[in-house]
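A note on names: the letters A, B, ... follow the listed sequences, proteins ahead of strands, and every chain is numbered from 1.
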Amino acid sequence: MKKLFLSLLIAVVGFSGLVSRAAEAPPAKADPTIDQRVADLEAYVNNVARGADAADAKVKSNVSGAGPGHNAFQMVCAALVLFMTLPGLFLFYGGLVRKKNVLSVVAQCFGLAGMVTIMWWAFGYSFVFGDGSSPWIGSFSKFAFLAGVDSNPNTNYSYWVSQNVFSMYQLMFAIITPALIVGAIAERMKFSAVLAFVALWMVVVYFPLAHAVWGIDGAMNGVWNAKASIKAIDFAGGTVVHMSSGWSALVLCLILGPRLGFGKTNMAPHGMLMCAIGTGMLWVGWYGFNAGSAVAADGVAANAFTTTTIAAAVASFVWPMVEWLVKGKPSILGFCSGAVAGLVVITPACGFVNMTGAVIIGVLAGIVPFLACAYLKPLLKYDDALDTFGVHAVGGTLGALVTGFLATADVNSNLTTNLKDILGKTLWIEQLKAMGITIVLSVVATAVIAYIVKAVIGLRPTEEGETIGLDLTDHGEEGYHG
Amino acid sequence: MKKLFLSLLIAVVGFSGLVSRAAEAPPAKADPTIDQRVADLEAYVNNVARGADAADAKVKSNVSGAGPGHNAFQMVCAALVLFMTLPGLFLFYGGLVRKKNVLSVVAQCFGLAGMVTIMWWAFGYSFVFGDGSSPWIGSFSKFAFLAGVDSNPNTNYSYWVSQNVFSMYQLMFAIITPALIVGAIAERMKFSAVLAFVALWMVVVYFPLAHAVWGIDGAMNGVWNAKASIKAIDFAGGTVVHMSSGWSALVLCLILGPRLGFGKTNMAPHGMLMCAIGTGMLWVGWYGFNAGSAVAADGVAANAFTTTTIAAAVASFVWPMVEWLVKGKPSILGFCSGAVAGLVVITPACGFVNMTGAVIIGVLAGIVPFLACAYLKPLLKYDDALDTFGVHAVGGTLGALVTGFLATADVNSNLTTNLKDILGKTLWIEQLKAMGITIVLSVVATAVIAYIVKAVIGLRPTEEGETIGLDLTDHGEEGYHG
Amino acid sequence: MKKLFLSLLIAVVGFSGLVSRAAEAPPAKADPTIDQRVADLEAYVNNVARGADAADAKVKSNVSGAGPGHNAFQMVCAALVLFMTLPGLFLFYGGLVRKKNVLSVVAQCFGLAGMVTIMWWAFGYSFVFGDGSSPWIGSFSKFAFLAGVDSNPNTNYSYWVSQNVFSMYQLMFAIITPALIVGAIAERMKFSAVLAFVALWMVVVYFPLAHAVWGIDGAMNGVWNAKASIKAIDFAGGTVVHMSSGWSALVLCLILGPRLGFGKTNMAPHGMLMCAIGTGMLWVGWYGFNAGSAVAADGVAANAFTTTTIAAAVASFVWPMVEWLVKGKPSILGFCSGAVAGLVVITPACGFVNMTGAVIIGVLAGIVPFLACAYLKPLLKYDDALDTFGVHAVGGTLGALVTGFLATADVNSNLTTNLKDILGKTLWIEQLKAMGITIVLSVVATAVIAYIVKAVIGLRPTEEGETIGLDLTDHGEEGYHG
Amino acid sequence: MKKIEAIIKPFKLEEVKDALHDVGVEGMTVSEVKGFGRQKGHTEIYRGSEYTVDFLPKIKLELVLADSKVQEAVGAIIKAAKTGKIGDGKIFISPIEEAIRIRTEEKGEQAV
Amino acid sequence: MKKIEAIIKPFKLEEVKDALHDVGVEGMTVSEVKGFGRQKGHTEIYRGSEYTVDFLPKIKLELVLADSKVQEAVGAIIKAAKTGKIGDGKIFISPIEEAIRIRTEEKGEQAV
Amino acid sequence: MKKIEAIIKPFKLEEVKDALHDVGVEGMTVSEVKGFGRQKGHTEIYRGSEYTVDFLPKIKLELVLADSKVQEAVGAIIKAAKTGKIGDGKIFISPIEEAIRIRTEEKGEQAV
Ligand SMILES: Nc1ncnc2c1ncn2[C@@H]1O[C@H](COP(=O)(O)OP(=O)(O)O)[C@@H](O)[C@H]1O
Ligand SMILES: Nc1ncnc2c1ncn2[C@@H]1O[C@H](COP(=O)(O)OP(=O)(O)O)[C@@H](O)[C@H]1O
Ligand SMILES: Nc1ncnc2c1ncn2[C@@H]1O[C@H](COP(=O)(O)OP(=O)(O)O)[C@@H](O)[C@H]1O
């Protein structure tokens with residue numbers, strides 16, 4: 001295991017120098033007129049293209065780099081999304097496991113952050129955002145080792161945000177998505193197996209899916225790609241992030257089997273306070289996730305910010321109220337689950353729906369995932385330890401679907417570019433198609449990868465190791481001393 | 001209880017569709033000249049009105065939406081204020097209670113966040129920022145269900161920040177204010193009673209007060225409303241937030257009575273480390289609270305940022321030094337209390353005073369609330385569990401008053417618009433009036449509401465429930481396991 | 001001790017009124033032409049000087065204040081750097097000590113924050129950023145008591161960020177630097193001694209060093225000062241922050257002697273989870289530290305943001321992988337240490353190196369400080385309790401050196417202003433000189449100050465006090481109850 | 001000498017300590033334990049998972065004292081710890097053959 | 001009456017409790033302890049510092065019961081707690097002279 | 001067989017353990033307890049509220065061993081745990097009727 005990673009690392013560092021960076025000589029262009037200069041500045045405020053950004057532009061721009069307001073926002077958003085994983089998930093997931101496994105959750109999140117960054121640098125960003133190769137996978141050679149990804153904007157994705165910032169922002173998504181899977185398989189999967197599984201999963205599931213949905217020439221990028229074969233929309237990751245991780249989590253936890261003593265031993269969360277703190281951090285960080293997905297501090301971001309707040313708050317209230325009604329007490333885990341569920345369900349919708357839509361989503365998010373966790377899971381007896389499936393798969397699926405119904409061009413005029421004809425009509429069918437593909441890809445790929453990893457290095461620790469706890473077994477440390 | 005809230009919820013969701021949204025057809029306007037276009041862009045940088053913002057404007061603006069730098073800042077500030085409650089208060093207050101009540105504090109903060117959001121969406125924002133009805137309460141019909149609150153600025157409150165972002169920013173204030181009350185009544189008030197009390201309190205105390213002080217036509221909005229009957233100033237919430245919550249907290253904790261065993265049992269904070277962590281988060285989040293109250297990333301925000309830093313740091317140092325002198329040791333709770341007190345006292349002043357003012361405020365904030373907590377409370381024997389009165393009421397009152405003396409137009413030229421004549425002279429008398437009204441309203445309304453809630457559903461848990469702890473009694477969970 | 005500080009405080013507040021603030025009457029200037037007005041707006045987007053900023057400018061600027069995008073970014077960055085200390089270090093360092101000393105770590109960080117702020121206000125900012133006195137120490141009279149530091153930019157340091165915000169941003173650096181020293185001397189230094197030591201250390205080590213490296217006329221400010229005698233570069237504080245604190249920490253911990261029972265008693269971290277949470281916060285806050293050091297939301301900030309992410313992530317992965325190889329298990333402390341080491345090493349380099357540079361730095365940062373902590377420390381047997389030397393001194397030294405080799409004008413054109421001739425050639429020799437001066441100053445000054453403090457008030461608590469723990473001994477409180 | 005072990009409800013500790021102090025008991029050792037008995041625990045529900053916690057927090061007091069003082073101490077404990085509700089706890093008495101004070105090496109009844 | 005003290009592995013607690021319940025033991029007191037014995041602990045490495053933790057987490061069960069029931073209870077504990085691996089723990093039996101139920105002041109075997 | 005219970009100061013645990021090891025004691029059980037005695041606690045002040053903490057953290061050691069070894073073990077404990085300052089703690093000795101090793105079901109002195 002160790003050797004594998006180390007040689008990979010060395011190989012990759014070595015190769016990074018070799019990729020050619022052919023500089024294209026730009027044709028000489030005229031200086032902008034005063035009118036064009038003012039128009040470019042207005043373009044900055046309005047987050048639209050400079051004159052010079054047009055493919056056939058004949059003038060230069062005096063403000064050809066990134067714009068401060070947008071760039072500042074995007075950097076902060078990237079930091080906020082990182083905050084969701086480190087330390088958001090440490091606390092949210094760490095609080096929900098038993099004391100003896102708390103550090104293993106930390107290690108899994110932390111380890112994925114490092115490993116995925118290295119993959120992202122070497123080829124991940126290329127596979128997702130490198131255009132010009134295929135609707136299902138990006139072009140490796142375009143941005144391998146992040147060559148050419150500098151402080152200038154890549155106008156395929158943003159007029160006013162530096163591409164290096166954009167690439168780091170998107171990296172944070174690539175980190176948190178597999179980290180969500182950790183929730184389902186907590187307390188019983190070897191650290192080495194988690195790393196190996198995710199390394200493969202990123203390549204087979206995440207990179208293709210993210211390219212298809214968000215790549216400028218992606219097959220399911222309904223908003224920006226006029227030639228998309230499936231005209232679906234996903235503002236901040238209902239399919240790419242939550243459905244992919246959630247459905248994969250279910251399959252992986254089934255293949256892995258339940259924790260030793262599942263159903264008999266008391267496996268109550270060891271730190272509900274920690275979990276609640278993590279929830280607060282997730283919520284705050286999620287503003288980076290959702291509003292930041294506008295890739296500009298514009299009106300769309302403002303709308304996403306607002307709908308995110310409303311959906312999260314409403315769901316965080318509805319879930320425990322339903323519990324109060326049904327189980328007799330509103331639990332803190334109910335508040336936390338509701339907030340996260342609200343955030344998950346609004347994710348694909350936040351930049352496309354209005355406030356009424358957000359309230360509806362909040363109410364649904366407080367009820368549907370609750371039913372999945374409280375009734376479906378005990379019924380089917382799978383051991384989704386921290387409810388990745390119940391919250392992320394169910395919530396993401398719900399969100400992707402309702403986005404098809406509630407999206408409105410009133411809050412996001414980009415929806416009229418390529419989707420005028422189906423918006424408010426058959427958009428939901430496109431959503432269903434994208435959801436289907438996401439589920440099939442996640443389920444099948446996860447099963448194959450899981451069995452491969454199982455065969456090669458094994459998935460679970462020894463019984464004794466699991467009984468003692470993964471903290472000591474895998475990391476030789478304990479979460480709390482004295 | 002539960003039914004009440006659920007039917008409220010349903011009713012409100014239902015009604016949200018009914019409010020009419022009459023679109024007013026704007027009169028046709030001319031395109032801006034190049035000079036006007038540049039002036040509008042300069043207006044963005046300087047955070048002043050576009051040409052088109054004037055009531056009698058004859059030109060359009062090419063940059064009529066929100067501006068990226070300001071909007072980015074406001075979104076981040078809103079997230080920071082949320083961070084103060086979730087998880088700031090979870091930790092700050094949660095750390096100060098006994099282990100068995102830690103989750104109840106979380107539930108109260110979390111529950112209020114959800115409930116207040118729903119109220120805000122339905123009518124709260126209207127009651128506070130809907131203009132055109134009365135100096136003491138906003139117009140319900142103006143923004144009910146946030147209808148019409150979109151990504152364009154409402155120039156009554158900001159030229160360059162989206163109104164939906166502004167509404168969410170202000171929501172965070174409406175969430176944290178009642179959550180501060182939780183500190184006084186911690187460990188002994190039923191969860192249902194907290195929700196019921198706050199639901200009424202928001203309508204009777206917070207919304208009117210916030211409208212009077214911050215509403216464009218509010219009765220006590222000295223800065224912006226030329227017709228204000230009381231020309232008081234309150235930059236970020238000395239009266240609206242800290243005095244209202246602090247004085248209400250005192251009354252409520254008196255009506256509630258002391259915790260079982262108060263004065264006999266050891267009620268030492270169960271987690272001072274948690275409390276200190278929460279303090280750090282409060283401080284960081286408070287930048288959103290104070291600097292964000294400029295509703296722009298301009299020079300006033302910069303000044304507020306600076307004075308906030310200085311006052312908080314000075315007070316955080318003075319309080320424990322005084323303790324060291326008087327009690328023999330500088331305590332961690334002293335550092336935490338000092339920081340929070342500094343932040344409270346600078347809140348109404350931060351955008352109006354200069355650095356010398358901030359140092360003076362820091363020193364006062366390290367001494368006066370300390371005296372209230374360390375001597376007044378034991379003397380009068382009220383059980384203000386976590387010192388909401390001692391810190392927020394005393395600090396807020398102190399801050400509102402000294403703002404009257406220290407405010408200077410050097411750092412905020414808006415003070416010359418309507419207050420030129422009284423600034424540096426009789427402004428403090430206006431402050432006294434606003435403070436008096438705030439105290440009377442808070443005290444009377446709290447007493448009435450508390451007795452109503454007591455009569456209808458009761459305020460306290462059973463003795464056994466309180467002894468076992470509210471975590472198990474009200475929520476069926478424990479904060480820490482194993 | 002107490003009296004000392006109190007009288008200092010009073011004296012200083014008193015003097016603050018006396019400093020004269022002579023207003024210089026600016027010569028009358030012409031209104032800008034439309035072309036100049038547009039150029040000024042473009043300057044805002046591009047973060048360059050307005051026409052009016054030139055020394056011999058004959059026109060005014062209509063946008064002479066701070067610019068929203070840059071100012072917003074800088075305020076957020078300042079808050080993020082504060083977040084690193086409060087609560088970042090509370091958790092990171094607090095988690096690594098034994099339970100009985102956790103609050104003492106909090107008190108040390110918190111106490112330094114307050115004390116350094118007061119010093120900064122009175123004379124610290126002047127000593128660092130007051131120009132016109134000497135290359136080795138700033139001019140006291142220039143900005144004493146922050147007089148004249150208002151919301152307008154000081155174009156020596158930034159064209160578009162308010163000077164008051166800049167001063168607060170830099171304050172956060174002045175707070176965290178001595179707080180890092182706490183890591184080496186944890187669990188065994190009297191609170192009063194820590195305050196006294198740092199008060200002197202700031203004046204003798206930090207202020208001169210920061211002026212020399214970052215002051216516009218500083219002796220080692222290679223980037224901006226054409227007359228610098230040592231043309232070194234340090235983007236965000238390799239020498240000023242990490243080397244100064246790290247080398248001082250080593251000397252102080254040697255003079256102090258090891259903790260009672262060192263090498264015999266189990267001194268394992270009491271809260272590795274806390275430590276990991278703190279690491280996440282440090283990482284997130286470090287974006288403010290590194291990207292914010294561009295003092296603008298421009299392309300240099302974007303580059304710093306990116307290289308910071310990559311170096312931290314790579315090092316956080318490499319360190320535990322090396323551990324896995326060498327010690328058999330990847331530890332959580334390994335992940336945390338790697339991340340922090342990556343952040344330390346990239347600090348001086350982040351705004352000067354490209355992504356390949358960041359990867360190289362990440363790999364080195366995962367290996368070299370690891371060797372120092374895991375092999376050098378046990379070999380030499382000094383008790384660097386939380387590895388301030390191993391991580392900050394070794395990492396900072398490494399970073400300062402490799403910056404000399406990897407810096408490239410491709411990502412930061414400011415490197416061509418004064419350094420064109422040595423960039424990529426002999427820059428590393430300049431770096432060596434700056435490093436040498438930093439080490440000598442830190443080591444000698446620390447030794448002298450430590451012996452003075454030892455002689456006057458003593459450094460260590462009584463044996464019994466240390467055995468009981470500093471929380472009870474110095475602060476009369478415990479970190480956890482019940 | 002005898003050892004009295006008393007299992008009591010946690011919130012009664014202060015009262016029991018004071019009561020013992022009043023009858024001249026000057027030393028005791030206390031530990032946090034979990035009790036299982038007739039008193040029923042509670043059920044916690046975490047999303048779909050139910051856990052019954054039937055071990056309840058209790059305090060165990062241990063005091064070693066001269067035979068002559070046992071009666072009085074037992075009386076004091078009962079008086080202070082009794083609420084009359086199920087789960088009040090138990091008192092067990094067992095023989096102690098020797099007691100030594102580490103500091104002085106005193107033995108027997110002087111040591112306690 | 002006798003007191004049975006059993007030191008067992010933590011994860012065996014539920015099984016032992018159930019086994020005791022099956023043989024009619026209705027009350028017991030449990031505490032978290034650290035054990036030192038033949039079973040070896042682990043080493044933790046924090047950067048350059050190594051710490052050997054030789055105290056392992058164990059559970060101590062205490063039950064007081066009538067002499068007649070001791071045999072059966074011991075059998076139940078052994079059966080449930082045995083894994084056959086080192087560190088399974090010990091059972092100690094000692095005399096109890098008196099037992100009192102605080103709530104009712106019942107004494108002797110009725111009290112347990 | 002006898003049971004030795006020793007209440008000691010927490011920071012003495014390592015030394016006591018080593019001393020016992022030296023005289024051939026191979027097993028023991030340790031728990032964290034709070035002690036109340038002549039040694040005074042401390043007062044904590046939280047803003048206006050004062051709380052006196054008179055229970056001090058102590059460590060309780062329990063070891064069961066053959067009668068013949070008691071003397072030596074007691075000596076080892078006293079030697080290692082004594083600081084001469086108030087609060088050093090106590091040693092109590094009581095009879096044990098039977099000991100069983102769960103893993104092997106060995107009984108009596110072989111079991112300990
Ligand atoms: N046989 C026993 N041996 C040891 N401890 C016991 C025994 N029976 C009860 N206890 C302890 O006494 C506590 C109270 O017993 P319980 O049966 O709940 O109520 P009550 O004391 O009122 O009869 C239990 O929680 C347990 O700690
Ligand atoms: N002489 C003793 N006195 C008290 N407790 C003991 C004694 N010997 C062992 N123990 C306890 O029993 C536990 C198990 O003992 P150990 O020697 O590790 O394995 P085994 O029980 O299989 O012989 C120890 O961890 C300790 O708690
Ligand atoms: N009678 C007693 N029964 C049980 N434990 C006792 C008794 N007296 C003292 N102890 C324990 O011994 C510890 C030390 O006793 P203390 O009176 O403080 O000092 P010393 O041991 O020096 O006389 C106490 O904290 C308590 O845990």
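- Neither the backbone nor the side chain of Pro320(C) comes within contact range of chain A; no heavy atoms are under 4.5 Å apart.
- The contact list for residues 273-282 of chain A toward chain C, using heavy atoms and a distance under 4.5 Å, reads Met274(A), Met281(A) by residue number.
- Expressed to the nearest 0.5 Å, how far CG of Leu146(A) lies from CG of Asn354(C) amounts to 10.5 Å.
- Annotation: Tyr159(A), atom OH; neighbour count of heavy atoms from other residues, nucleotides and ligands within 6.0 Å does not exceed 12.
- Neither the backbone nor the side chain of Ala312(C) comes within less than 4.5 Å of any heavy atom in chain A.
- At a 4.5 Å heavy-atom cutoff, Val105(A) makes no contact with chain C through either its backbone or its side chain.
- A side-chain donor-acceptor contact under 3.5 Å links Asn46(C) to the backbone of Asn62(A).
- Between chain C and the options Pro68(A), Ser151(A), Ala113(A), Gly114(A), the largest number of non-hydrogen pairs under 4.5 Å is found for Pro68(A).
- For His475(A) (side chain) and Pro330(C) (main-chain N/O), a donor-acceptor pair under 3.5 Å exists by modelled atom type.
- The two residues Tyr44(C) and Gly69(A) make their nearest non-hydrogen contact at OH-N, 4.4 Å.
- Looking at heavy atoms from C-beta onward, Thr356(C) lies out of side-chain contact with Phe145(A) at the 4.5 angstrom threshold.
- Looking at Leu91(A), the atoms closer than 4.5 Å to chain C (heavy atoms on both sides) all sit in the side chain, from C-beta outward.
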Take Arg37(A) and Asp35(C) through the test side chain to side chain contact (heavy atoms under 4.5 Å, CB included) and record every step on the way to the result. CA-CA 10 Å; Arg37(A) 286 168 65 194; Asp35(C) 192 84; 2.9 Å; yes
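- Here the closest heavy-atom approach between residue Phe191(A) and residue Met321(C) is recorded as CE2-CE, 4.4 Å.
- Distance check, rounded to the nearest 0.5 Å: CD1 of Ile310(C) to CD1 of Ile118(A) gives 10.5 Å.
- Leu103(A) touches chain C through backbone and side chain together, each having a heavy atom under 4.5 Å away.
- The closest donor-acceptor contact from the side chain of Lys329(C) to the backbone of Leu472(A) lies under 3.5 Å.
- For the pair Ser316(C)/Phe110(A), a side-chain contact is recorded, criterion being any heavy-atom separation below 4.5 Å from C-beta on.
- Residues Val38(C) and Ile34(A) have side chains in contact (heavy-atom distance under 4.5 Å, counting atoms from C-beta outward).
- Chosen from Lys100(C), Met272(C), Glu323(C), the residue pairing most often with chain A at heavy-atom distances under 4.5 Å is Met272(C).
- The choice from Val102(A), Asp474(A), Thr117(A) that makes the most heavy-atom pairs within less than 4.5 Å of chain C is Asp474(A).
- Within residues 160-173 of chain A, the residues that have a heavy atom under 4.5 Å from a heavy atom of chain C are Trp160(A), Ser162(A), Asn164(A), Val165(A), Met168(A), Leu171(A), Met172(A), listed by number.
- Minimum heavy-atom separation, Trp324(C) to Ser192(A): CH2-CB, 3.8 Å.
- In terms of heavy-atom pairs under 4.5 Å with chain C, the best-connected choice from Gly67(A), Gly111(A), Gly65(A) is Gly111(A).
- Contacts of Ala358(C) with chain A are absent, with no heavy-atom separation under 4.5 Å from either backbone or side chain.
- Taking Gly342(C), Ala72(C), Ser331(C) one by one and counting their heavy-atom pairs under 4.5 Å with chain A, the maximum is reached by Ser331(C).
- Per-residue heavy-atom pair counts under 4.5 Å with chain C were compared for Val106(A), Val116(A), Leu41(A), and the maximum is reached by Leu41(A).
- By a heavy-atom distance cut of under 4.5 Å, Val76(C), Phe83(C) are the residues of residues 76-84 of chain C near chain A, going up by number.
- Residues from residues 285-298 of chain C that place a non-hydrogen atom less than 4.5 Å from a non-hydrogen atom of chain A comprise Tyr287(C), Ala291(C), Ala297(C), Asp298(C), given in numerical order.
- Contact annotation for Asp150(A): neither backbone nor side-chain heavy atoms come within less than 4.5 Å of a heavy atom of chain C.
- If you measure heavy-atom distances from Thr473(A) to chain C, the contacts under 4.5 Å come from the backbone alone.
- Inter-residue side-chain proximity for Thr306(C) and Val149(A) is flagged as unmet; no heavy-atom pair is nearer than 4.5 Å.
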